[in-house]
Every structure is written in structure tokens, then in C-alpha cells.
There are 2 protein chains.
Amino acid sequence: MENYQPALNSAFHALADPTRRAVIQRLLRGATTVKNLAEPFPIGLPAFLKHLRVLEESGLIATQKTGRIRTCRLEPRRLQQAEAWLAEQRALWEAGADRLAAYVEREMPEEPKP
Amino acid sequence: MENYQPALNSAFHALADPTRRAVIQRLLRGATTVKNLAEPFPIGLPAFLKHLRVLEESGLIATQKTGRIRTCRLEPRRLQQAEAWLAEQRALWEAGADRLAAYVEREMPEEPKP
DNA sequence: CCTATAGTTCACCTTATGGAGAACTATCAG
DNA sequence: CTGATAGTTCTCCATAAGGTGAACTATAGG
């Protein structure tokens with residue numbers, strides 16, 4: 001089953017936290033430094049760095065260190081990948097012509113189990 | 001900040017688990033019972049029921065008990081809501097005309113801090 | 001009534017998550 | 001060289017997640 005997709009696991013998990021979603025939204029407006037990103041949040045730097053690591057390991061952002069400054073930028077491909085999964089489910093739902101048929105087949109099978 | 005959206009928190013969290021995504025995909029083909037849903041998975045019923053509760057509390061599915069049978073169905077609105085958030089971010093990214101401008105303003109501010 | 005079926009609840013375990021503070025490292029500015 | 005700045009790492013803590021097995025409840029059928 002193509003349903004075990006680690007990329008989706010970690011992407012959706014990363015997206016489940018409001019701090020991390022806010023980081024993503026901030027990065028939509030351009031790459032910036034850790035300090036800059038962390039500034040609006042009421043948590044300590046160590047905690048914030050954990051969020052960044054979750055985002056980076058999920059592939060939603062990428063970072064690069066130059067001198068003592070780490071710059072973070074958005075990696076839109078993963079975002080799109082998550083969106084694609086959701087869009088596909090919606091498409092299947094909307095297509096759903098076979099929903100009733102499947103229901104009938106399930107509730108009134110032609111060959112009940114012995 | 002409209003970024004603290006409990007609905008998105010719980011929806012994305014629910015979507016982060018492959019078992020729960022598989023349940024959603026199963027429900028695309030029509031409502032069914034707990035037993036039916038649980039059958040393909042290698043985990044015990046109590047663990048599976050926890051997954052169902054996460055899905056239900058996130059608003060991604062709805063359930064209804066008749067007699068001793070609980071029927072689960074997909075609630076596509078939440079799915080769409082999550083998709084909408086992602087789509088919006090992508091739209092903002094693709095619009096991103098001000099990305100360079102913001103970068104310049106950040107890296108070369110007109111009034112550096114004293 | 002009796003029993004299999006469908007869920008449910010309970011106590012428990014292990015690991016992950018999100019946060020804290022303190023101490024440390026590496027660089028840039030003067 | 002000497003700070004100040006920007007990250008980083010460390011240990012610790014509380015809670016949430018995901019799983020287990022055993023015991024329990026409530027129907028539906030025969």
C-alpha cells in the first residue's frame with residue numbers, strides 16, 4: 001500500500017503545531033535568520049530550535065549556516081506534496097460515484113461469508 | 001493572530017498517522033463499521049479505537065451508534081479546510097512578488113538599530 | 001435463556017513532544 | 001584582545017501518543 005509515506009507523516013506532523021505553521025507563513029515572505037524567526041514567539045531559543053529541526057527534517061524548510069548566522073528558507077515542494085494528498089482525497093470523494101455501489105456490495109454481498 | 005487555529009492543529013495531527021490516513025481513504029468509498037475499518041490493521045481494537053477518536057475529535061470523521069454497531073463516515077469539510085490552508089500558503093508563495101523586497105528591507109534596513 | 005459479536009473501558013508501558021534553564025561555542029565589531 | 005551576538009548543546013521535566021492485554025457491557029441470533 002502506498003499509504004505508508006514517511007514524508008507525509010512528518011510533513012503533517014510538522015504542520016500540526018501553530019508555532020511551526022507561523023514560521024512557514026513568515027518564510028513565505030522570504031528567507032531569514034533564526035533570531036528573526038524566533039523573535040515573535042514567547043518560547044526560549046532551545047525550544048524554538050526544536051521546532052526548526054522538526055520543520056527541516058520534514059523537508060518543509062531548508063537552512064544554511066554562513067558564519068554565525070543560520071538562514072532559513074521555505075521548501076515549497078513538501079508543502080505542495082501535502083496539499084496534493086489532500087487534493088487527491090477530495091477528488092476521489094467528489095468523484096465518489098461508486099460510493100453507493102460499494103455500500104450496497106458491503107452491506108448486501110452476493111456471497112456472504114460461510 | 002489568526003494562526004492559532006485548533007481545527008488545523010487537530011486536523012493535521014490526525015493526518016500525520018498512516019493508519020488514520022488509511023482510514024480516511026477507506027471511508028472515501030463509503031461509510032462502514034468499526035470492525036470493518038479495523039480489520040486491515042495489525043493493531044488491537046483498543047488502539048484502533050483511539051485512532052478513531054482522534055479522527056472524530058478532529059472533525060475529519062463522524063460516527064453514529066445504532067444498536068451495537070458504530071458506523072463511521074467521512075466528514076469532508078475538515079479535509080477541505082486543511083487543504084485550503086495549504087492552498088493559501090502556496091498561493092501566497094507563488095504570488096511572492098514582494099519576496100525580494102522584504103529581503104532587502106530586512107538585510108539592509110533604512111534605519112539600523114542603534 | 002445462552003452465546004457469539006461489536007464495542008468499550010481500564011490499568012499499564014514505552015517513547016515522543018514541547019518546554020525550561022544553564023552552560024558552552026563560534027564569530028563579528030570595535 | 002574583548003565583548004556582544006547568534007546559535008548550540010546539555011540535562012531535566014511534564015504531558016501526550018500509541019500500543020498492549022484483560023475484563024466488562026450491550027446487543028442480536030438461535
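For the numbers below, each heavy atom of this structure counts, side chains included, while hydrogens, waters and symmetry mates do not. Every chain is numbered from 1 and lettered A, B, ... according to where its sequence line falls, protein lines coming before strand lines.
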In whole angstroms, the gap separating P of D:dA17 from CZ of A:F12 amounts to 18 Å
Between CG of B:N9 and P of D:dA16 the distance, given in whole Å, is 14 Å
| So do the side chains of B:E57 and B:H13 get within less than 4.5 Å of each other, counting heavy atoms only? | no
In whole angstroms, the gap separating P of D:dA4 from NZ of A:K35 amounts to 15 Å
To the nearest angstrom, the CD-P distance between A:E56 and D:dG7 comes to 13 Å
Taken to the nearest whole Å, CZ/B:F48 to P/D:dA17 is 18 Å
Whole-Å distance, B:L52 CG to C:dG7 P, equals 10 Å
Taken in chain and number order and not counting sequence neighbours, the residues that satisfy salt bridge (Lys or Arg N to Asp or Glu O under 4.0 Å) with A:R68 are none
Exercise. Indicate whether OP1 or OP2 belonging to C:dT8 is found under 4.0 Å from a side-chain N or O atom of B:R70.
Key: yes
A side-chain contact here means heavy atoms from C-beta on lying under 4.5 Å apart; do A:V54 and A:L60 qualify?
no
Check this for me: does any side-chain nitrogen of one of A:R90 and A:E88 sit under 4.0 Å from a carboxylate oxygen of the other? no
Quiz item: Does a donor on one side chain sit under 3.5 Å from an acceptor on the other, for B:R77 and B:Q80?
Solution: no
When rounded to whole Å, the CD to P distance for the pair A:Q64 and D:dA6 reads 18 Å
Under a 4.0 Å heavy-atom criterion, the protein footprint on nucleotides 18-28 of chain C, written with B, S and -, is BBSBB----BS
Answer yes or no: is there a side-chain heavy-atom contact under 4.5 Å between A:L37 and A:L27? yes
